[in-house]
Amino acid sequence: MLVNNLGIFEVKSFLEIPDEGWLRFFEVNVLSGVRLTRHYLPGMQRKNWGRVIFISSESAVHIPAEMIHYGMTKTAQVAESLVGTGITVNSVLAGPTASEGVGSFVQGVAKQQGVTPAEVEREFFEKMRPTSLLKRFEKPEEVAAVVTFVASAQGGIVNGAAVRADGGVVKAVL
């Protein structure tokens, strides 16, 4: 099993992102997973079994204006399957998650604005992700539970999918 979970983000307007920024985001968020998959896939093919999971984001579908370069890389992580094998390739589209990076970002904004982290979180969901049904940051262990199922033997029917675990941020029937 391979879970590609490396990712970086930053809040920056389109006009402030230089070419180097776009390339850095693509290198870290996309090519790191491509390279790891290319490394481990031959072993999976020999066994005719494996799981490749990209931790993507609701930003793959609902690209945020304040992080367009991040959203572009998350769209690129929506992977397809290896037809006719026991190997599945999926992406989990997590919603805004209380990762270490998000926690540091929220703390920094709270300090800068002289408010509590809880107030920053509330305002984030009011203004930046108003469609969220959850109205809070997902816990990493909640996302991990979805990944655990997708990686399991029972999850083998989930293949070539973008599995939404976005807390209802993306408004779609399907």
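Taking CG from Asn29 and CG from Leu6, the interatomic distance works out to 6.5 Å, rounded to the nearest 0.5 Å. With rounding to the nearest 0.5 angstrom, the CD1 atom of Ile157 is 11.0 Å from the OG1 atom of Thr88.
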Could you pull out all donor-acceptor pairs under 3.5 Å where a side-chain atom in residues 93-109 meets a protein atom, sequence neighbours excluded?
{"from": "Thr97", "atom 1": "OG1", "to": "Gly95", "atom 2": "O", "distance (Å)": "2.7"}
{"from": "Ser99", "atom 1": "OG", "to": "Val102", "atom 2": "N", "distance (Å)": "3.2"}
{"from": "Ser104", "atom 1": "OG", "to": "Glu100", "atom 2": "O", "distance (Å)": "3.2"}

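Arg35 has its side chain within reach of Glu27: a pair of non-hydrogen atoms, C-beta onward, lies under 4.5 Å apart. Within the 4.5 Å cutoff, side-chain heavy atoms of Leu41 are placed close to those of Leu82.
The shortest heavy-atom contact between Asn90 and Val150 is ND2-CG1, 3.7 Å. Summarising the geometry of Met72 relative to Ile63, their closest heavy-atom pair is N-CD1, 4.4 Å, with the distance given to 0.1 Å. In terms of heavy atoms, Val34 sits closest to Phe54 at N-CE2, 4.4 Å. Scanning both residues, Ala76 and Phe26, for their nearest heavy atoms gives CB-CE1, 4.5 Å. Of all non-hydrogen atoms in Thr75 and Ala60, the two that sit nearest each other are OG1-O, 2.7 Å. The nearest pair of heavy atoms linking Pro117 to Ala110 is N-CB, 3.8 Å.
For Lys135, the NZ atom counts as densely surrounded, since its 6.0 Å shell holds more than 12 non-hydrogen atoms of other residues, nucleotides or ligands. Residue Leu133 qualifies as enclosed at atom CG: its count of foreign heavy atoms under 6.0 Å is above 12. Remark: Arg136 CZ is packed, more than 12 non-hydrogen atoms of other residues, nucleotides or ligands lying under 6.0 Å away.
Met67 and Val30 fall into different hydrophobic clusters, where Ile, Leu, Val, Met, Phe, Trp and Tyr residues are linked whenever their side-chain heavy atoms come under 4.5 Å apart, directly or through other members.
Within the structure, every pair that satisfies the salt bridge (Lys or Arg N to Asp or Glu O under 4.0 Å) test and touches residues 144-171, not counting sequence neighbours, is listed here: Arg164-Asp166.
Side-chain atoms of Ser132 never come within 3.5 Å of backbone atoms of Val169 as a donor-acceptor pair (strictly under, hydrogens ignored).
Classification of Glu121 and Arg129 as a salt-bridged pair fails, no side-chain N sitting under 4.0 Å from a carboxylate O.
Using a 30° and 60° split on the angle between ring planes, Phe25 and His69 fall in the tilted class, from 30° to 60°.
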